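Every value quoted in this text rests on a predicted model; they were computed, and no experiment measured them. Note on naming: letters A, B, ... go to the chains in the order of the sequence lines (proteins, then strands), and numbering restarts at 1 for each one.
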Number of protein chains: 2
Amino acid sequence: MTERNSAPSLSRIQQKNRELILGGALEAFSAGGFRGATIDQIARHAGLSKPNVLYYFTSKDEIHKALLTSLLEMWLAPLQRIDPAGEPLAEVLAYVRAKLQMSRDFPRESRLFAYEILEGAPHLTEILGGGLRQIVDEAAAVLRRWMAEGRLAQVDPHHLIFSIWSMTQHYADFDVQVRAVLGPGRDPLNEAAAFLDALYRKLLSP
Amino acid sequence: MTERNSAPSLSRIQQKNRELILGGALEAFSAGGFRGATIDQIARHAGLSKPNVLYYFTSKDEIHKALLTSLLEMWLAPLQRIDPAGEPLAEVLAYVRAKLQMSRDFPRESRLFAYEILEGAPHLTEILGGGLRQIVDEAAAVLRRWMAEGRLAQVDPHHLIFSIWSMTQHYADFDVQVRAVLGPGRDPLNEAAAFLDALYRKLLSP
DNA sequence: CCTGATCCTGACCATCTGGTCAATATTCCG
DNA sequence: CGGAATATTGACCAGATGGTCAGGATCAGG
């Protein structure tokens, strides 16, 4: 039904401007969610005019969808990097560290997905129940095996993953609150790294 | 500057309609955030006309602010119910259970605050750095004392509180994702209760 | 350098939305 | 009951916003 199959050739200008637009869209959508962002904002962030943005994407909805799908893989990559052949506790701790690092390096991406889920995931429903579920189930299977082998303490693997997601992304999504509560002169992400390391060591040491 | 000081008397109709409006506003704001909700939606949820809503509140902004402040106390109450004279581990576990119960009973309230923080907390900035910080610091002081007395394992109290917030509210705010990943036929909140109980027992047992 | 394809824009439109207002209905109370 | 205070509403306005379009600028390749 869609085109761009045999000829995905994008001209240099197309490549560059689509990139600019997605960059501006990330800025805008992560700040105010889908409804809070306007095409004009996206255009200004991208350094283009509004009609020009709509020359490359047919609608605001399409920009949003393209942005989400272009970031989803990167967002889920750390989970897939858990090595079934590695040392269990070290693998989990490395995953926690990687997710926390993403909250530091890519807070806008974190907020983008947070908004999307909060809004009911209108653009991600099929992915949530399909690809994401499979990826999580595979990681959960590895964790379960480790637990069965006595190399990791027994806990529900899915909720273990949820706990990692929620605690690490909290420092990106609720940054305002975290900083307000902690007060100035502290480094939330650094403290969180130590806290989470200790937490998962205690929770998972067999 | 403001009125309603010596005479906060609200007629029966006022009382009832303000209540209806705040109820409709909770429904609307928790679904789409401040920008995603329209006064007309609020009015329909409340069973009133749009101009009538604006007869009781002068602006959408005021509705939002009134709703947040009316719910904030209830939202923070469990934290203040931690008893400094109680048994440390039991007190923390009770707090975790209470917060999780709120995710089950009041998911709309949870999402309302989640949106507000994500959007940068434009209506809560003074509260975040003022009242909230103080409440959290007091709870943190109690936790710290317990840890110093050797009745609780040593961890950063602030991040301990953040972890409780993030993990419990996760089940309300990201409900769509949780259910999509777990698949049908499971009870996320019930499983979470067991998981979190085990987690905090291991983390905090001295 | 010419020409067709690609790229870009100002002007414009329809719709939505926050908010106003004059007029009407309802309630309250002496 | 009767009139003042309170509630309610339909009609309306102004600005914002998603999206369109005809025409002009720019670029690629022969």
Checking side-chain polar atoms at under 3.5 Å, does [X] have a donor or acceptor matched by the opposite partner on [Y]?
X	Y	value
A:D137	A:H158	yes
A:E19	A:Q15	no
B:D61	B:H123	yes

Centre-to-centre under 6.0 Å for A:H159 and B:Y171, is that the case here? yes

Given the side-chain rings of A:F34 and A:Y115, with only the six-membered ring counted for Trp, is the space between their centroids under 6.0 Å? no

Does the pair B:D40/B:K60 count as a salt bridge with the N-to-O cut at 4.0 Å? no

Rounded to the nearest angstrom, tell me the gap between atom [atom1] in [X] and atom [atom2] in [N].
X	N	atom1	atom2	answer
B:E62	C:dG19	CD	P	10 Å
B:R44	D:dT9	CZ	P	14 Å
B:K16	C:dT26	NZ	C1'	12 Å
B:R18	D:dT8	CZ	P	13 Å
B:Y55	C:dA25	OH	C1'	12 Å
B:I42	C:dG19	CD1	P	10 Å
B:L48	D:dG10	CG	P	12 Å
A:Y56	C:dC8	OH	C1'	8 Å

Using a 4.0 Å heavy-atom cut-off across all strands, classify B:F57 as base, sugar-phosphate, or nothing. nothing

Looking at [X], I'd like to know whether one of its side-chain N or O atoms comes within less than 4.0 Å of OP1 or OP2 on [N].
X	N	answer
B:S49	D:dT8	no
B:N17	D:dT6	no
B:Q14	D:dA7	yes
A:N52	C:dG10	no

Generate the contact string for nucleotides 13-30 of chain D. Rules: B means base contact, S means sugar-phosphate contact only, - means no protein heavy atom under 4.0 Å. ----SBBBB------S--

A:Y95 six-ring face occupied by A:R81 cation (under 6.0 Å, within 45°): no

Output the residues of residues 112-122 of chain B in contact with DNA chain C, where contact means a heavy atom of the residue under 4.0 Å from an atom of the strand; sort by number or write none. none

Evaluate B:L160 against A:F195 for side chain to side chain contact (heavy atoms under 4.5 Å, CB included), listing each step before the verdict. CA-CA 8 Å; B:L160 172 59; A:F195 174 83; 4.2 Å; yes

To the nearest 0.5 Å, atom CD1 of A:I63 lies from atom CG of A:L22 at 8.0 Å

